[in-house]
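Computed from a prediction, not measured in an experiment: that's the story for all the values here. Each chain gets a letter, A, B and so on, in the order its sequence line appears, and its residues count up from 1.
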Protein chains: 2
Amino acid sequence: MTIRVAIAGYGNLGRGVEAAVTNAPDMELVGIFTRRDPKLVNTATSAPSYALDDIASFANKIDVVVICGGSATDLPVQTPELAKSFTVVDSFDTHANIPAHFANVDAAAREAKTIGVISCGWDPGLFSLARLYASAALPEGADYTFWGRGVSQGHSDAIRRIPGVADARQYTVPVEAAVQAARSGSNPELTTRQKHTRECFVVAEEGADLAAIEKAIVTMPNYFADYDTTVTFISQEELNANHAGLPHGGTVIRSGRTGFNNEFADTIEFSLALDSNPFFTGSVLASVARAAYRMHEDGQVGARTMFDIPPALLSPLSAEELRAHLM
Amino acid sequence: MTIRVAIAGYGNLGRGVEAAVTNAPDMELVGIFTRRDPKLVNTATSAPSYALDDIASFANKIDVVVICGGSATDLPVQTPELAKSFTVVDSFDTHANIPAHFANVDAAAREAKTIGVISCGWDPGLFSLARLYASAALPEGADYTFWGRGVSQGHSDAIRRIPGVADARQYTVPVEAAVQAARSGSNPELTTRQKHTRECFVVAEEGADLAAIEKAIVTMPNYFADYDTTVTFISQEELNANHAGLPHGGTVIRSGRTGFNNEFADTIEFSLALDSNPFFTGSVLASVARAAYRMHEDGQVGARTMFDIPPALLSPLSAEELRAHLM
C-alpha cells in the first residue's frame, strides 16, 4: 500500500519533506501545494505544484498532508483548516501554545474523522520523546536541554530586521561547562546565560553604523539580552561561502537517581548532530506521516503528538521485522 | 487509581522493581512472589512475600505482575503461564528468541484477555527504541550499539564456572576509537573485536593454576574468544571493596544521511550511564507496568513490546501535563 502524501508550503522544510517522501519506498508524493503562483514554484523533484486553494479537489487523491508553514501565523490557521478534510502532520514549535493548538486541531479532526499530528520534528519531537522516556525511567531527576551548535533561523531573521543589516546568520552554542555540569549528576541550577551563548555573523549595508547594529543585537529583549552574545561583521561573500548551511542539533540530558534511598546515580542522554536542520526535520515528518496514515486506517480520529504514537508505526518495517532486527 | 503491582522473582532485578514501585506515587506493591520459602525471603521494604505457587489466589488483588526471572529458563515458561491469569511485564533479553517468546505470550494473553509486555528494560528496551526512532528518522544509515563500561553478569558467571575460580567480575568496555568511528559518519564496518574489550577481575582459589584459568577465560567460545580480553587476579577483599556494584550503560549511534542525493550527514546518539543496572532496569519495568495496566484497562489484549506502547502511557503525568511541560 503506497501512502499518498501532499506537502503544503514549499520553503526549506517543504523541500526536506519532499526529499524524504521521494526516498521512502512506501510513499508517493502527490504534489506541492503553495499559496504562491504554482507555475512559479520549481520543485526539486518532478513533483507537480498546485494552488493551495485547490487542495479540496484532491480529497480522494491524498492520504496525508504534511503542512510546512511557520508556527507564528501559518500553522495555527492551516492545520485546523486542513484537518477538516485531510489527515495532517505539522511541526508547530511554539512550545507555550501547543495546548491551544492541540485543542483546535483536535476539534477539527474529531468532527472530520481525521488524524492531526502536531509538533513533530526534533524539538518539539524527538527531544520531547527523549524527555518523556527519560523522566518515565528516572522519575527522580532533572532535565537539561541544550541546543546547537546550530543556526537559529528565528534569531537570524531578528538580526536582519535591524536597520543597516543586509544579511545575518546566528548560531546558538551550548556552553560545554554547562553540558558537563548537567551530565555530572550534581543537578545544578543553570541560568539561560550559563547554558548557551549566541554567535552572530552580520553583513552590514555600506556606510551602516556598526556600533549601533551591535548594540541593537546584544540588547534585544527575548532574543539576545539574556545571553552572552558576540557579533562579527563579515562580507556577504564570506557569509555565502562559510555560513550557507543550516546545521543544528543539541542534547537532552536527564540526570536522576534510583534505589530504595536514591543511592544510585544515572544519566540518560540523547543527542543530534545535523548537517541540515530542515532536511532532518522533513525526514521525521515523513515518518510521522506514515504513522498518521496507519492510525487513520485503524479508524482513530483526533489530534495526536509523537507522545501518543506507538513507535512501531513510524517505521516502514513490519512489527515482526522490528522485533527480529531492532529489538 | 492506584496500580496494584506484584513482583515474581526476587533477585537483583526484583529488588530494583520493588524500589521503583514503592517510590511511584500511583502504584502499590502487593507483594513479592517467590519459588523459595517465602518466610526466608527478607524484602527490602515492608512488602509481604508469598509462594509463587499461590499467586492464582490473588487474581482480584493484582493489576500487573512484573516477572523478574532469568531469560534462559525462567521467563520462557513463567511469562506465558502467568499471562493466563494476569497482565504481565518481563525483561526477556535473549534477542534471537524474542519472536518465539512473543508468539507464546501473545497466544496466552489473547486467550486470557490480558496484556503481556515482553523484553522491557534498556537493551532490549530503551536501546531498541533508540534504534527504531533513529532508523525511522534516518532510513538511510547504519546502527552501532556499544555496551559498557559495565558489569556483564552472564560473563562473570561464566568465569565463576571455571575450576579454581572462587569469584569473578567481568566488565564489558567499548573501544573509544570504534565509538568515534561510528560517530564520524564514515559508516565503518566494525568487527566484534574492534568494538569491545573484556576486562576480567578474578579471585582464584588457594593453589589454583592461574595460567590455566587465564587460558580458559580468553579462549572461551562465544564469551571471550572473539574479544581482546585481559585477566587480572585480585583478592576477594579487593573484589568486594572495588567491584561490588553492578554499573552499566552504553551508547546507540545511528549515522545516516538526508537530502535529495544523501548530501547531508546526521548523527543520532542515545546513551546511558548507570550506577546500578538492576535498579535502572527495575525502574523501566515499573513504568512499563503502568502502561500495561492502562492498555489492559483500555480493553486491549495480547503481547506487546515497547515498540507498541504510546510513550505517554509510561508516564504518571497526564497527556495534558506532558504536552504542556515536556513537549
Determine the option with the most heavy-atom pairs under 4.5 angstrom with chain A, choosing from B:Ala319, B:Ala312, B:Ala265.
B:Ala265
Output the donor-acceptor atom pairs between chain A and chain B under 3.5 Å, with atom names and distances to 0.1 Å.
residue  : atom : partner  : partner atom : Å
A:Asn23  : ND2  : B:Gly259 : O            : 3.3
A:Ser128 : OG   : B:Met327 : O            : 2.4
A:Arg131 : NE   : B:Leu326 : O            : 2.9
A:Arg131 : NH2  : B:Leu326 : O            : 3.4
A:Arg131 : NH2  : B:Met327 : O            : 2.9
A:Tyr133 : OH   : B:Tyr133 : OH           : 3.0
A:Ala137 : O    : B:Ser283 : OG           : 2.5
A:Gly259 : O    : B:Asn23  : ND2          : 3.3
A:Ala265 : N    : B:Asp275 : OD2          : 2.8
A:Ala265 : O    : B:Asp275 : N            : 3.1
A:Asp266 : OD1  : B:Asp275 : N            : 3.0
A:Thr267 : N    : B:Ala273 : O            : 2.8
A:Thr267 : O    : B:Ala273 : N            : 2.9
A:Glu269 : N    : B:Ser271 : O            : 2.9
A:Glu269 : O    : B:Ser271 : N            : 2.8
A:Ser271 : N    : B:Glu269 : O            : 2.8
A:Ser271 : O    : B:Glu269 : N            : 2.9
A:Ala273 : N    : B:Thr267 : O            : 2.9
A:Ala273 : O    : B:Thr267 : N            : 2.8
A:Asp275 : N    : B:Ala265 : O            : 3.1
A:Asp275 : N    : B:Asp266 : OD1          : 3.0
A:Asp275 : OD2  : B:Ala265 : N            : 2.8
A:Ser283 : OG   : B:Ala137 : O            : 2.5
A:Phe307 : O    : B:Ala312 : N            : 2.8
A:Ala312 : N    : B:Phe307 : O            : 2.8
A:Leu326 : O    : B:Arg131 : NE           : 2.9
A:Leu326 : O    : B:Arg131 : NH2          : 3.4
A:Met327 : O    : B:Ser128 : OG           : 2.4
A:Met327 : O    : B:Arg131 : NH2          : 2.9

Please list, chain by chain and in numerical order, all residues satisfying ring pair (Phe, Tyr, Trp, His ring centres under 6.0 Å) with B:Phe102, sequence neighbours excluded.
none
Below 4.5 Å, heavy-atom pairs only: which of A:Ile253, A:Leu129, A:Leu317, A:Leu285 has the largest tally toward chain B?
A:Leu129
Let me know if B:Ile309 has heavy atoms under 4.5 Å from chain A in its side chain, its backbone, both or neither.
backbone
I'd like to know whether A:Phe280 forms a side-chain contact (heavy atoms from CB on, under 4.5 Å) with B:Ile268, so could you lay out the CA-CA distance, the side-chain angles of the two residues, the decisive distance to 0.1 Å, and finally the verdict.
CA-CA 11 Å; A:Phe280 181 77; B:Ile268 304 177; 3.8 Å; yes
Could you have a look at B:Ala324, B:Ala134, B:Gly259 and say which one has the most heavy-atom pairs with chain A under 4.5 angstrom?
B:Gly259
Results of side chain to side chain contact (heavy atoms under 4.5 Å, CB included) for B:Pro174 - residues two or more places apart only:
B:Phe146, B:Val179, B:His196
Across all chains, not counting sequence neighbours, the ring pair (Phe, Tyr, Trp, His ring centres under 6.0 Å) partners of B:Phe307 are none
Report which part of B:Ala20 has an atom under 4.5 Å of a heavy atom belonging to chain A: side chain, backbone, both, or neither.
neither
Out of A:Ala130, A:Ala96, A:Pro247, A:Ala273, return the one with the most heavy atom pairs under 4.5 angstrom to chain B.
A:Ala273
Specify which of A:Ala137, A:Ala286, A:Ala24, A:Gly245 makes the most heavy-atom pairs with chain B at under 4.5 Å.
A:Ala137
Only pairs of heavy atoms separated by less than 4.5 Å count here; which of A:Leu322, A:Ile98, A:Val284 has the most with chain B?
A:Leu322
Closest non-hydrogen atoms of A:Gly125 and B:Met327, given as atom of the first, atom of the second and distance, are N-SD, 4.4 Å
Contact between B:Pro316 and A:Pro139 at the side-chain level, heavy atoms closer than 4.5 Å - yes or no?
no
Hey, does B:Leu132 have a side-chain heavy atom less than 4.5 Å from the side chain of A:Leu314?
no
What part of A:Leu272 gets closer than 4.5 Å to chain B, counting heavy atoms only: side chain, backbone, both or neither?
both
What distance do A:Leu246 atom CG and B:Phe264 atom CZ have between them, rounded to the nearest 0.5 Å?
8.0 Å
